Amino acid sequence: MKDSPSTAASISFEPRHKAVFLDRDGVLNRALERDGKPYPPSSIAEFEVLPGVPEACQKLKAAGFLLVVATNQPDVGRGTLPQSVVEEIHAHLCATLPMTASKCAPIRARARPIAVVASPGPGMLRRAAQALGIDLRRSWMVGDRWRDIDCGHAAGCKTILIDYGYDEALRQPPDFRVRDLLEGAEIILHADPSGP
């Protein structure tokens with residue numbers, strides 16, 4: 001028996017994809033460090049993919065993970081970095097690495113609702129999950145700062161901290177600590193033997 005249009009429209013589908021959400025600066029590319037704190041590159045000339053990142057991304061993609069860049073870019077909101085520079089860097093990043101999508105939350109001064117979207121809020125991950133059919137319970141958030149870890153926990157993902165020893169405290173512990181994305185990818189692949 002064929003479903004009527006009203007019955008077919010009421011059927012909901014379970015998210016089926018697993019994903020790795022990747023913070024940008026300090027995870028995929030070298031962050032510029034000043035006074036023990038990381039800063040984003042301010043131009044494409046300062047943008048440098050970290051060693052091991054292409055290999056880590058290829059391994060994760062081959063295992064069936066969607067790769068989604070999830071990044072706050074507060075300098076855009078402060079007016080110290082043009083949106084066009086962020087877009088140029090993201091275009092270069094997506095052309096260089098096998099990314100599925102790039103989600104950016106440019107935090108603007110006095111824009112309170114953005115806190116729901118930007119990390120540590122889970123909104124950016126939840127929107128990507130809805131758009132791409134991602135099961136957050138089977139997914140991971142990899143970052144180098146407390147906001148990334150809080151964001152991953154709040155979205156229901158497992159979390160990995162790339163620990164550079166920055167001068168800032170974590171608000172909650174990550175599930176794993178690693179030295180780089182390649183080490184993190186090995187943990188993810190070992191923990192998820194289910195395949196694509």
Side-chain angles (χ1 to χ4, degrees), residues 18-42 46-53 56-57 60 65 67-78 80-81 86 89-90 93 99 101-129 134 136-188 191:
K18 56 189 179 180
V20 179
F21 295 97
L22 301 155
D23 178 46
R24 193 188 77 183
D25 305 317
V27 174
L28 299 173
N29 62 276
R30 189 171 312 282
L32 309 175
E33 195 171 333
R34 294 188 291 269
D35 301 322
K37 301 248 182 195
Y39 292 89
S42 60
E46 291 181 344
F47 182 82
E48 177 188 351
V49 173
L50 289 165
V53 166
C57 290
L60 292 168
F65 285 93
L67 302 179
V68 181
V69 179
T71 181
N72 290 337
Q73 290 299 316
D75 291 344
V76 173
R78 290 186 203 111
T80 58
L81 185 67
V86 172
I89 289 172
H90 284 196
L93 180 68
M99 296 296 134
S102 175
K103 302 294 180 187
C104 177
I107 303 170
R108 289 175 176 75
R110 288 186 257 141
R112 294 176 192 258
I114 200 72
V116 176
V117 178
S119 65
M124 192 171 5
L125 274 54
R126 288 183 179 157
R127 285 183 179 180
I134 294 169
L136 292 170
R137 297 165 302 187
R138 295 176 58 213
S139 298
W140 296 75
M141 175 69 204
V142 182
D144 65 332
R145 303 189 70 187
W146 69 267
R147 285 178 177 83
D148 307 320
I149 301 309
D150 284 10
C151 177
H153 282 303
C157 299
K158 291 176 260 340
T159 59
I160 295 179
L161 175 73
I162 297 180
D163 193 350
Y164 292 110
Y166 294 143
D167 187 20
E168 62 182 24
L170 293 173
R171 296 188 179 185
Q172 55 185 313
D175 294 300
F176 298 93
R177 287 177 189 255
V178 297
R179 291 168 299 207
D180 56 35
L181 183 58
L182 190 55
E183 184 181 354
E186 294 301 329
I187 287 170
I188 293 168

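Model, not experiment: these values are computed from the prediction.
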Query raised in the report: At their closest point, which heavy atom of Val86 faces which heavy atom of Val76, and how far apart are they?
Result: CG2-CG2, 3.5 Å
Query raised in the report: What distance do His90 atom NE2 and Thr71 atom OG1 have between them, rounded to the nearest 0.5 Å?
Result: 5.5 Å
Report summary line: Residues Val68 and Ala128: closest non-hydrogen pair is CG1-CB, 4.3 Å
Query raised in the report: Do the non-hydrogen side-chain atoms of Met99 and Leu28 ever get within less than 4.5 Å of each other?
Result: yes
Query raised in the report: Just wondering, do Phe47 and Leu93 contact through their side chains at under 4.5 Å, heavy atoms?
Result: yes
Query raised in the report: So which pairs with a foot in residues 23-37 pass salt bridge (Lys or Arg N to Asp or Glu O under 4.0 Å), sequence neighbours left out?
Result: Arg30-Glu48
Report summary line: Taken to the nearest 0.5 Å, the spacing of Asp144 CG from Ile162 CD1 works out to 7.0 Å
Report task. Spell out, as yes or no, whether a donor-acceptor pair under 3.5 Å connects the side chain of Ser139 to the backbone of Cys157. Result -> no
Query raised in the report: Roughly how far, to the nearest 0.5 Å, is the CZ atom of Arg171 from the CZ atom of Arg145?
Result: 11.0 Å
Query - Smallest separation among heavy atoms of Cys57 and Leu181, with atom names - result: SG-CD2, 4.3 Å
**Report entry** Matching residue for Phe21 among Asp148, Val142, Val69, Ile134 - test: side chain to side chain contact (heavy atoms under 4.5 Å, CB included)
**Finding:** Ile134
Report summary line: In short, Trp146 meets Ala169 closest at the heavy-atom pair CB-O, 3.7 Å
**Report entry** Heavy-atom check, side chain of Ile188 versus side chain of Ile160, under 4.5 Å
**Finding:** yes
Query raised in the report: How far does CE of Met141 sit from CG of Asp175, to the nearest 0.5 angstrom?
Result: 12.5 Å
Query raised in the report: Does any non-hydrogen side-chain atom of Met124 lie less than 4.5 Å from one of Asn72?
Result: yes
Query raised in the report: Between Leu50 and Asp180, is a side chain to side chain contact (heavy atoms under 4.5 Å, CB included) present by the stated rule, with each step listed?
Result: CA-CA 9 Å; Leu50 289 165; Asp180 56 35; over 6 Å; no
Query - Leu161 CG to Phe176 CZ distance, which is reported to the nearest 0.5 Å - result: 12.5 Å
Query raised in the report: How far does NZ of Lys158 sit from NE2 of His153, to the nearest 0.5 angstrom?
Result: 11.5 Å
Report task. For Lys18 and Leu136, indicate whether the former's side chain and the latter's backbone hold a donor-acceptor pair under 3.5 Å. Result -> no
Requested in this report: Not counting sequence neighbours, which residues clear salt bridge (charged side-chain N to carboxylate O under 4.0 Å, His left out) with Glu46? List them please.
Outcome: none
**Report entry** Atom of Leu32, atom of Pro41 and distance for their closest heavy-atom approach
**Finding:** CD1-CA, 3.9 Å
